[in-house]
Protein chains: 2
Amino acid sequence: MSNPRKVVELFYDVVSPYSWLGFEVLCRYRNVWNLDLRFRPAYLGGVMHLSGNKPPAIVPNKAIYMATDLDRQAKYCNIPLRFPANPFEAMFEKGSLNAMRFVTAVSEKEKVGDSLVEKVSRELWKRIWSTDQDITEPASLSEAGLKAGFSASEVEELLKLAKSQQVKDKLKQATAEAMEHQAFGFPFIVCHMDGKPEAFFGSDRFELMAYCIGKYGFEHVVSRHLCTVFFL
Amino acid sequence: MSNPRKVVELFYDVVSPYSWLGFEVLCRYRNVWNLDLRFRPAYLGGVMHLSGNKPPAIVPNKAIYMATDLDRQAKYCNIPLRFPANPFEAMFEKGSLNAMRFVTAVSEKEKVGDSLVEKVSRELWKRIWSTDQDITEPASLSEAGLKAGFSASEVEELLKLAKSQQVKDKLKQATAEAMEHQAFGFPFIVCHMDGKPEAFFGSDRFELMAYCIGKYGFEHVVSRHLCTVFFL
């Protein structure tokens with residue numbers, strides 16, 4: 001009998017840089033650990049509000065640390081993350097509601113698999129967290145959609161779909177499901193093990209996650225190599 | 001030429017369970033990574049106040065997560081951590097000022113090395129974070145001191161010393177030094193690499209720390225074994 005693939009849900013928002021790290025690392029481990037990885041685009045603003053959590057950067061020393069920590073972790077994981085010139089504007093003033101509705105529209109339209117959700121999310125992360133570009137305007141979302149492989153007419157359709165009640169409700173629903181798992185921030189990773197969900201917050205519990213899903217050993221050693229061999 | 005040992009300072013407070021994890025893991029790695037590990041007992045209450053940070057547990061979902069996360073991490077690291085029956089009382093109402101003054105008195109009295117600071121800290125962590133015992137009363141500190149190997153008369157002397165201005169100032173000074181490194185919580189680990197301090201917050205950056213100090217590879221793989229082979 002073959003081992004069934006473990007279902008792992010990744011709740012994320014492209015406004016969150018730690019979510020990008022978690023996303024790329026899980027994408028790399030997906031085959032190595034034989035995961036049934038499910039992307040759950042959701043809205044971080046909603047989770048912060050509903051959980052009563054505050055962004056770490058409101059504590060000045062945390063903000064300073066976060067910049068160093070992200071820089072080190074991104075280098076270690078070989079992810080081209082760079083802070084935008086004005087991170088507060090990018091993260092808090094402009095936000096990610098339009099972007100996450102757009103990703104949700106892609107997930108609604110994608111019938112088989114999730115490679116387009118993966119590609120569009122990565123293109124949006126690259127914009128906000130690597131090349132310091134907008135992710136709120138229709139033109140920005142279009143560019144990300146085209147780079148992810150959609151045609152111009154498909155992108156038009158996605159932009160329309162992103163404004164529909166159906167997509168707004170789907171994004172709300174994903175956010176509500178994250179809250180059912182008692183999220184308070186992203187990335188929030190839910191591993192379904194023998195029917196029991198085990199939640200991991202952040203992008204720094206992969207070693208523990210591997211241990212929990214019984215993948216500790218060779219695969220973990222490989223991780224560093226996955227970081228350097230593959231990327232984007 | 002032999003490689004000089006890397007100086008690693010561990011700022012900690014026994015009220016902090018994540019500090020215990022960080023402390024034990026660093027104690028295990030000390031020889032494997034050839035570290036000049038320096039214990040820096042400090043006062044978490046002061047760091048939280050001075051940095052404007054708030055305890056994570058004030059967000060209800062974070063408190064729930066922290067309990068699960070600590071339980072999983074402690075099992076993984078083979079550390080007998082158990083939540084006290086009333087963690088809020090233990091952490092916030094009773095606090096750790098007396099305990100950290102006592103540890104500081106030990107560090108003041110210990111002329112050579114730091115094995116007594118290590119032992120006393122571990123005994124205090126065991127009390128608050130394993131056997132749910134008080135760490136504020138003189139009798140509690142005495143017990144921890146005796147278990148760490150001090151004689152009854154030495155413990156008496158330490159209790160007196162812990163109340164002295166000299167020790168109060170030393171604890172304040174250690175806390176101030178953590179703040180100079182822009183701490184906002186504990187454990188706060190400062191690695192001195194080629195004259196440049198690199199700070200790591202929390203007990204989940206050992207992989208990155210190993211990478212930064214050039215110890216990635218065999219030693220990291222060993223970590224899991226260190227966890228299971230040694231303990232207490």
Side-chain angles (χ1 to χ4, degrees), chain A residues 21 25 47-48 50-54 56-77 178-185 188 191 196-212 216-225 227-228, chain B residues 21 25 47-48 50-54 56-78 178-185 188 191 196-212 216-218 220-225 227-228:
Chain A
L21 303 183
V25 172
V47 165
M48 297 301 274
L50 293 166
S51 65
N53 198 5
K54 297 269 176 283
I58 60 168
V59 175
N61 279 0
K62 267 195 197 176
I64 294 166
Y65 180 77
M66 209 175 126
T68 308
D69 184 55
L70 275 167
D71 186 56
R72 279 190 309 223
Q73 296 230 63
K75 281 201 184 89
Y76 177 68
C77 293
M179 290 308 299
E180 280 168 26
H181 288 293
Q182 297 171 313
F184 51 88
F188 207 76
C191 300
K196 190 180 158 267
E198 284 270 354
F200 298 88
F201 168 67
S203 57
D204 43 30
R205 292 291 183 275
F206 293 109
E207 194 176 347
L208 195 62
M209 205 182 297
Y211 174 65
C212 287
Y216 197 89
F218 169 72
E219 291 82 357
H220 186 65
V221 184
V222 170
S223 71
R224 174 76 191 119
H225 300 290
C227 290
T228 49
Chain B
L21 303 183
V25 171
V47 165
M48 298 302 273
L50 292 166
S51 66
N53 199 5
K54 299 266 175 285
I58 60 168
V59 175
N61 279 0
K62 268 195 197 176
I64 295 166
Y65 179 76
M66 211 175 124
T68 307
D69 184 55
L70 274 168
D71 186 55
R72 279 191 308 224
Q73 297 230 62
K75 279 201 184 88
Y76 177 68
C77 293
N78 201 19
M179 290 308 297
E180 280 168 26
H181 289 294
Q182 297 170 316
F184 50 88
F188 206 75
C191 301
K196 191 180 159 264
E198 285 269 353
F200 297 88
F201 168 68
S203 57
D204 42 30
R205 293 289 184 277
F206 294 109
E207 194 176 348
L208 194 63
M209 204 182 299
Y211 175 65
C212 287
Y216 197 87
F218 170 70
H220 187 65
V221 183
V222 170
S223 71
R224 175 75 191 117
H225 300 289
C227 290
T228 48

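Order of the sequence lines sets the chain letters (A, B, ...), proteins ahead of strands, with each chain counted from 1.
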Practice task
Check the pair A:Glu207 / B:Phe206 against side-chain contact (heavy atoms from CB on, under 4.5 Å), numbers first and verdict last.
Solution key: CA-CA 11 Å; A:Glu207 194 176 347; B:Phe206 294 109; over 6 Å; no
Practice task
Might you work through the side-chain contact (heavy atoms from CB on, under 4.5 Å) test for A:Lys54 and B:Lys54, ending with a clear yes or no?
Solution key: CA-CA 10 Å; A:Lys54 297 269 176 283; B:Lys54 299 266 175 285; over 6 Å; no
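At least one side-chain heavy atom of A:Asn61 sits less than 4.5 Å from a side-chain heavy atom of B:Met179. Contact of the A:Glu198 side chain with the B:Arg72 side chain is registered, since non-hydrogen atoms from C-beta on lie closer than 4.5 Å.
A donor-acceptor distance shorter than 3.5 angstrom exists from the side chain of A:Tyr65 to the backbone of B:Phe201, with no hydrogens or angles considered.
A search for side-chain contact (heavy atoms from CB on, under 4.5 Å) contacts involving B:Ala63 returns B:Ala57, not counting sequence neighbours. For A:Met66, the side-chain contact (heavy atoms from CB on, under 4.5 Å) partners are A:Pro17, A:Tyr18, A:Pro56, A:Leu70, not counting sequence neighbours.
One distance of note links CD of A:Gln73 with CG of B:Leu208; it measures 5.5 Å at 0.5 Å rounding.
Contact detail for B:Ser51 and A:Pro60: the closest heavy-atom pair is O-CD, 4.2 Å.
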